[in-house]
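Notes to accompany the following structure.
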Amino acid sequence: MKQVLEVFGVLLLIQGVAALVHELTGRLRGWGIVQRIGFLDGHEIYAGVTLIVLALALFGVAESRKAR
């Protein structure tokens, strides 16, 4: 379970960073899923930050789980 949480955390972290990099620099076009979700138009920076925060929370939960 710990490894699953870590994998989801890494995926969320990559998507959040890609969203922020795309919005702030215009690079990494087509890398992130945030640009493809229609209702997030105009809120991509908030969505990117939210994904990064969720990734950090998943890392914290994964760390608190005992390795079995």
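Of all non-hydrogen atoms in Ala47 and Leu40, the two that sit nearest each other are CB-CD1, 4.0 Å. Here the closest non-hydrogen pair linking Thr25 and Val21 is OG1-O, 2.6 Å. Looking at every heavy atom in both residues, Ile33 comes nearest to Gln15 through N-OE1, 2.7 Å. Between Gly48 and Ala19, the shortest heavy-atom distance links the atoms CA-CB, 4.0 Å. Nearest heavy atoms, Ala62 versus Leu5: CB-CB, 3.8 Å. Across all their heavy atoms, Val49 and Leu20 have their closest contact at CG2-CD2, 4.1 Å.
When hydrophobic clusters are built by joining Ile, Leu, Val, Met, Phe, Trp and Tyr residues whose side-chain heavy atoms come closer than 4.5 Å, directly or via intermediates, Ile45 is grouped together with Val53. A continuous path of Ile, Leu, Val, Met, Phe, Trp and Tyr side chains, each step under 4.5 Å between heavy atoms, connects Val10 with Val17, placing both in one hydrophobic cluster. No single ILVMFWY cluster, assembled from side-chain heavy atoms under 4.5 Å apart, contains both Ile52 and Val34.
Atom NE2 of residue His43 and atom CG of residue Asp41 lie 8.5 Å apart, to the nearest 0.5 angstrom.
Annotation: Phe8, atom CZ; neighbour count of heavy atoms from other residues, nucleotides and ligands within 6.0 Å does not exceed 12.
Here the side chain of Glu44 pairs a donor or acceptor atom with the backbone of Gly42 at under 3.5 angstrom.
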- Message: Run Gln35 and His22 through side chain to side chain contact (heavy atoms under 4.5 Å, CB included) and show every step you take.
- Response: CA-CA 9 Å; Gln35 297 91 280; His22 175 71; 3.4 Å; yes
- Message: Applying side chain to side chain contact (heavy atoms under 4.5 Å, CB included) to Phe59 and Val61, what does each step give before you reach the verdict?
- Response: CA-CA 5 Å; Phe59 290 143; Val61 169; over 6 Å; no
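When Leu12, Leu56, Leu11, Ile14 are each tested for a side chain to side chain contact (heavy atoms under 4.5 Å, CB included) with Leu51, only one passes: Leu12.
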